[in-house]
2 protein chains.
Amino acid sequence: MNDCWMITFLYYGCRTRGEHMRITKEHDVRRNEILDTAEMLFETKGYSNTTVNDILREVNIAKGTFYYYFKSKEEVLDAVIERHLEKGLERAEAVKKRKDLSPAEKLTQVVLVLRMAGPKSEVVDELHKPENALMHQKSLGGIIRGLVPILNEIVEEGIRAGVFSTPFPEQTVRIMLAAALTLTDDAMFSYTQEERQQLLEAIVYSLETLLGAERGSLGLKTHLLQGERGEEEKA
Amino acid sequence: MNDCWMITFLYYGCRTRGEHMRITKEHDVRRNEILDTAEMLFETKGYSNTTVNDILREVNIAKGTFYYYFKSKEEVLDAVIERHLEKGLERAEAVKKRKDLSPAEKLTQVVLVLRMAGPKSEVVDELHKPENALMHQKSLGGIIRGLVPILNEIVEEGIRAGVFSTPFPEQTVRIMLAAALTLTDDAMFSYTQEERQQLLEAIVYSLETLLGAERGSLGLKTHLLQGERGEEEKA
DNA sequence: TCACGACCGACCGACCGTCGGTCGAACTAT
DNA sequence: ATAGTTCGACCGACGGTCGGTCGGTCGTGA
């Protein structure tokens, strides 16, 4: 075994570049390496601007290896989004179950928690629209499909508690979520600070209205929605 | 001069295919040919599935000609969307100016009018999400940017007339428009007939609520919103 | 009046670099 | 041995470029 290592090492030493190292890893480890790298690159350079070769170079694997784990570049996108989504949904679910929060507080808390590690948050991606259209559309769809049931349960709880009131709980949630996600997508619209503030106010106000909630019971901390970005780096 | 024509004609006649004809046209004529063809193909096969070569073949021009008129495939997309948008906004504007309609009626009329020639309506495009993400994102953004001011004026008129009432007229319009467009995008979500009906009801209901409009003053004809395929059963 | 040649916008299509994806050989661990 | 991995040469399609062609027009001089 050690012999093998020596041989490999010497061979590698002969090459001036770091090429041609054959490194075997556990399935999930390798898969996650690819996913992590892809995620980083997608957020940094945009999806369509990220080449499969870019990922290859970064992960230090060959084309074949990549396609051994994923059948297409788009499948990687799906997986990246899926992972993000799961994490977010878990957190939302956790908030839903908390006993120390009122339904209204849960609603704002879910939003807060999702914003912290939402589909975006990185620094240098001022590259907008075209290169990420697919990515945005897919996450939007996923978030709505996944989050609506959770939020709906919270709303129904609120209705039972008498603090909310609406004939269309689920659809209301769907509508306001879709609007909020679409309109706050920096890739699609750009606002001044005031415009943004006004939009968020209006969203909170509308949600309160549609849910028949007491004025001010949601939001209030809307200013938190725009600042703050969660940083998470690793090596 | 006529000689030249003869030569060209004979040369053409020698070829079995319609190749190698040099046909000169006025700038705008040619440009619109390209645009028309591109629009058709984008709607038929989807944007990313449509090749520049597809367009070339259909219009019967060479690569160079295409790039003489447009600097990229995406620029054609923009132009196509722009054209659509202009047409739609004109119609909306026309509705806004009508004196024979109440503000509420204008609102529903605008929606109706846009649905008729909206970004979708064609026949065989069951090809969904990925190939049209860019197209959808771009039209969504354009429609919202263009339509919000018009709808807002209608709403403000309604407020002045005392039939609407809201502290955030423009933002309300923006929110509901974004939600409606996003959620009714077949490329992103698929509903059963009942789900769709319920969603549309909820949208109308929500809009009435947010605008402080009389219940039933908007919508009522929501069933028209889903027809558009020539299949109208229940009323 | 006409001929001619310079000019120019429209047009052509071979060619190019890049990219997503394939394939079969080769390596590793068991 | 063999199943699970990894490799990288290779492929075809695609968006885009480039040097050059064609034919109409217009100014000029015979």
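Atoms considered below: every heavy atom in the structure, side chains included; atoms not considered: hydrogens, waters and symmetry mates. For clarity, every value in this text was computed on a predicted model and none was experimentally measured. Here is the naming used below: chain letters follow the sequence lines, and residue numbers restart at 1 for every chain.
Closest of all the heavy-atom pairs between B:I154 and B:V110 is CD1-CG2, 4.0 Å. Closest approach of B:K25 to B:V29, counting heavy atoms only: CD-CG1, 4.1 Å.
Judged by distance alone, with hydrogens and angles left aside, the side-chain atoms of B:T192 form a donor-acceptor pair with the main-chain N or O of B:E195 at under 3.5 Å.
Across all strands, A:Y69 comes closer than 4.0 Å only to sugar-phosphate atoms, never to a base (heavy-atom distances).
The nearest whole Å value for the distance from the CG atom in B:L56 to the P atom in D:dA13 is 16 Å. Separating the CZ atom of A:R57 from the P atom of D:dG8 is a distance of 14 Å, rounded to the nearest angstrom. Taking atom CG of A:D28 as the reference point, atom C1' of D:dT5 lies 14 Å away to the nearest angstrom. For the pair A:E26 CD and C:dT28 P, the interatomic distance rounds to 18 Å; values are reported in whole Å. The distance between atom OH of A:Y68 and atom P of C:dG21, rounded to the nearest whole Å, is 19 Å.
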*List the steps, then state whether salt bridge (charged side-chain N to carboxylate O under 4.0 Å, His left out) holds for A:E26 with A:R30.*
CA-CA 6 Å; A:E26 219 169 299; A:R30 185 64 96 188; over 6 Å; no
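A donor-acceptor contact under 3.5 Å links the side chain of B:R22 to the base of C:dC11.
Distances shorter than 4.0 Å separate some side-chain N or O of A:R30 from OP1 or OP2 on D:dT6. Note on B:T65: a side-chain N or O is less than 4.0 Å away from OP1 or OP2 of C:dC12. Note on A:H27: a side-chain N or O is less than 4.0 Å away from OP1 or OP2 of D:dT5.
For the salt bridge (Lys or Arg N to Asp or Glu O under 4.0 Å) test with B:E39, the passing option among B:K87, B:K45, B:R83 is B:R83; the others fail.
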*In B/S/- notation, 5' to 3', how is nucleotides 14-19 of chain D contacted by protein heavy atoms closer than 4.0 Å?*
SBBBB-
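The list of ring-ring contact (aromatic ring centres under 6.0 Å, His included) pairs with a residue in residues 23-56 of chain A, not counting sequence neighbours, reads A:H27-A:Y69, A:F42-A:Y47.
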